[in-house]
Amino acid sequence: MPIIDPRTGEPLTSSQDGDTGADAGRPNAGAQDASQFIVDVDMSNFQQVVLEGSMQGPVLLDSWAPWCEPCKNLMPVLEKLAREYGGAFTLAKLNIEDNQEIATQLGIRSVPDVKLIVQGQLYDQFQGALPESQIREWLSQYLKAPEAAEATPEEKAQQALEAGDAATARGIYETLVREWPDHHDYQVDLAGALLAEGKPEEARALLDNLPPEHRDAAKARGVRARLDFGEEAPSAAEVAELGERDDSEARFKRALRQVADGQYEAGLDALLALMKSDRAYGDDVARKTLLRVFDALGADHPLTVAYRRKMFALLY
């Protein structure tokens, strides 16, 4: 039997209208039984749950197969989000092995395949197993996020790093790397956590084993720059031996140590002052080091934005 758009009587097609109306769907279901909005679908209930159901509120159709390893990673994430959203959308799970007729009509060629259906029409979709943070971002285009949303694993790892608990962050990223081996940013994040934990050799080995396009990307370059600063900076004892020296060499060494210790603002201030007072020192090494710190922090970091502006003001 064909899968029919309940509004038009035609087979399910992509919408030409950019207004999803998803936020106007069913209200948040609060503490209701999750079985009401996490449903296995087949030919007997697809029309009712997916197409007719989408007239009442958004439906997320997750097409999967028992032999698909990425599907096994993705489904728990979708189920977690469905529970968290509390019925703001229905998660319909379609086993394409048992429902090949539906899969053919929907044009599903690979799994996992996730489609957002609103008002009987296809509004958006993605293929492959995306990490939780990316799925949340994707959903946020159509649905208001729950007010009490649980922190994502990435957020928990970042909170651990900010609290000085690098071991916890490392554990989180190790789990993410296992679950999402093709998402190479997690390997870069793990390298950063290893570095913070005082394991630079392991961090560098991880970066060196990335595919070239990820090894040379900005995020990986930033972690590598932090590794390099740690190796290049004088030890705390060497800095102490500088005593009251205020020559360019001493100022540069102190700045390197500050950057290596994560005291980025102090280090940037020192490098900027050195660039202003002795531009020729070390073949303009203060300016070159500023650029490396910007790379380590990332282009969007507030310190990068602020100090890049200050550096340009000195240059021009």
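Since we're looking at a predicted model, the values are computed, not measured.
Salt bridge status for Arg287 with Asp284: present, with a side-chain N to carboxylate O gap under 4.0 Å. With salt bridges taken as basic N to acidic carboxylate O contacts below 4.0 Å, none links Lys93 and Asp62. Salt-bridge check for Glu249 with Arg254: failed, with every basic side-chain N at 4.0 Å or more from each acidic carboxylate O. Between Arg215 and Asp208 there is no salt bridge, since no side-chain N of the basic residue sits under 4.0 Å from a carboxylate O of the acidic one.
Between the side chain of Asp42 and the main chain of Ser44, a donor-acceptor pair closer than 3.5 Å is present. For the pair Thr168 (side chain) and Ala160 (backbone), a donor-acceptor distance under 3.5 Å is absent. Remark: the backbone N or O of Met55 is paired with a side-chain donor or acceptor of Gln119 at under 3.5 angstrom. Under the 3.5 Å distance criterion, the side-chain polar atoms of Ser277 are matched with a main-chain donor or acceptor of Ala273. Side-chain atoms of His183 do not come within 3.5 Å of backbone N or O of Asp185 as any donor-acceptor pair.
Using a 4.5 Å heavy-atom cutoff, the side chains of Phe252 and Asp247 are not in contact. By the 4.5 Å heavy-atom criterion applied to side chains, Leu206 and Leu210 are not counted as neighbours. Side chains of Tyr186 and Pro131 form a contact here, defined as non-hydrogen atoms less than 4.5 Å apart. Side-chain atoms of Val118 and Leu116, non-hydrogen and from C-beta on, do get closer than 4.5 Å to each other. Considering only heavy atoms from C-beta on, Pro58 stays 4.5 Å or farther from Ile117 through its side chain. For the pair Lys288/Arg292, no side-chain contact is recorded, criterion being any heavy-atom separation below 4.5 Å from C-beta on. Residues Ser63 and Pro112 are not in side-chain contact: their nearest non-hydrogen atoms beyond the backbone lie 4.5 Å or more apart. With contacts defined as side-chain heavy-atom distances shorter than 4.5 Å, the pair Val114/Leu74 qualifies.
Residue Ile108 is grouped with residue Val59 when hydrophobic side chains (ILVMFWY) are merged at heavy-atom distances under 4.5 angstrom, including chains of intermediate members. When the side chains of ILVMFWY residues are joined at heavy-atom separations under 4.5 Å, either directly or via intervening members, Leu194 and Val177 end up in a single hydrophobic cluster. A continuous path of Ile, Leu, Val, Met, Phe, Trp and Tyr side chains, each step under 4.5 Å between heavy atoms, connects Leu139 with Ile38, placing both in one hydrophobic cluster. Grouping the Ile, Leu, Val, Met, Phe, Trp and Tyr side chains by contacts below 4.5 angstrom, directly or via other members, places Leu268 with Leu291. Hydrophobic clustering of Ile, Leu, Val, Met, Phe, Trp and Tyr side chains at less than 4.5 Å, counting indirect connections, keeps Val285 apart from Val239.
Take Asn209 and apply the side-chain hydrogen bond (donor to acceptor under 3.5 Å, both in side chains) test, not counting sequence neighbours, and it matches no residue. Among residues two or more places apart in sequence or in another chain, the side-chain contact (heavy atoms from CB on, under 4.5 Å) test is passed with Pro66 by Trp64, Asn95, Glu97. Applying the side-chain contact (heavy atoms from CB on, under 4.5 Å) criterion to Ser248, with sequence neighbours excluded, gives Leu274, Asp278, Tyr281.
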* Which is it for Phe294 and Tyr307 under the side chain to side chain contact (heavy atoms under 4.5 Å, CB included) test, yes or no, and what are the steps along the way? -> CA-CA 8 Å; Phe294 298 157; Tyr307 279 85; 3.7 Å; yes

* Does the pair Leu78 and Leu60 meet the rule for a side chain to side chain contact (heavy atoms under 4.5 Å, CB included), with working shown? -> CA-CA 9 Å; Leu78 296 178; Leu60 208 61; 4.1 Å; yes

* **side chain to side chain contact (heavy atoms under 4.5 Å, CB included) between Ile135 and Val77, intermediate numbers included** => CA-CA 9 Å; Ile135 299 173; Val77 175; 3.9 Å; yes

* Could you walk me through whether Leu91 and Val39 pass side chain to side chain contact (heavy atoms under 4.5 Å, CB included), step by step? => CA-CA 6 Å; Leu91 174 62; Val39 185; over 6 Å; no

* **Step-by-step salt bridge (charged side-chain N to carboxylate O under 4.0 Å, His left out) determination, Glu84 to Arg136** => CA-CA 11 Å; Glu84 188 176 295; Arg136 286 182 182 275; 2.6 Å; yes

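Between atom CG of residue Leu297 and atom CD of residue Glu265 there is a gap of 11.0 Å, rounded to the nearest 0.5 Å. To the nearest 0.5 Å, the span separating CG on Leu51 from CD on Gln121 amounts to 10.5 Å. For the atom pair Ile96 CD1 and Arg109 CZ, the distance stands at 12.0 Å (nearest 0.5 Å). The CG atom of Leu303 sits 9.0 Å away from the CG atom of Asp269 when rounded to the nearest 0.5 Å. Between the CG atom in Asp182 and the CD atom in Gln187 there is a gap of 9.0 Å [rounded to 0.5 Å]. Of the inter-residue distances, the one linking Asp216 atom CG with Arg224 atom CZ reads 8.0 Å to the nearest 0.5 angstrom.
The two residues Ala225 and Ala296 come nearest to each other via the heavy atoms CB-CB, 3.8 Å. Smallest separation of non-hydrogen atoms from Tyr264 and Val259: CE2-O, 3.7 Å. Scanning both residues, Cys68 and Val111, for their nearest heavy atoms gives SG-O, 3.7 Å. Minimum interatomic distance between Leu195 and Ala203 (heavy atoms only, all atoms of both residues): N-CB, 4.1 Å. Between Thr304 and Ala299, the shortest heavy-atom distance links the atoms CG2-O, 3.8 Å. Heavy-atom minimum distance, Tyr85 versus Lys144: CE2-O, 3.5 Å.
In Gln48, the CD atom is not crowded: 12 or fewer heavy atoms of neighbouring residues, nucleotides or ligands sit closer than 6.0 Å. More than 12 heavy atoms of other residues, nucleotides or ligands sit less than 6.0 Å from atom NZ of Lys80.
Sorted by first and then second residue, the side-chain hydrogen bond (donor to acceptor under 3.5 Å, both in side chains) pairs involving residues 189-207 (not counting sequence neighbours) are Arg170-Glu197, Asp189-Lys219, Arg204-Asp228, Arg204-Glu231. Contacts classified as salt bridge (Lys or Arg N to Asp or Glu O under 4.0 Å) and involving residues 153-164 (residues at least two apart or in different chains) are given here: Glu150-Lys156. Listed by first then second residue, pairs satisfying salt bridge (Lys or Arg N to Asp or Glu O under 4.0 Å) with a partner in residues 234-244 number zero, not counting sequence neighbours.
Side-chain atoms of Ser235 and Arg257 form no donor-acceptor pair, as typed in the model, at a separation below 3.5 Å.
In this structure, Phe126 and Trp138 have perpendicular ring planes: the angle between them is above 60°, well past the 30° mark.
A side-chain contact (heavy atoms from CB on, under 4.5 Å) with Leu61 is found for one member of Ile102, Asp113, Leu94 and no other, namely Leu94.
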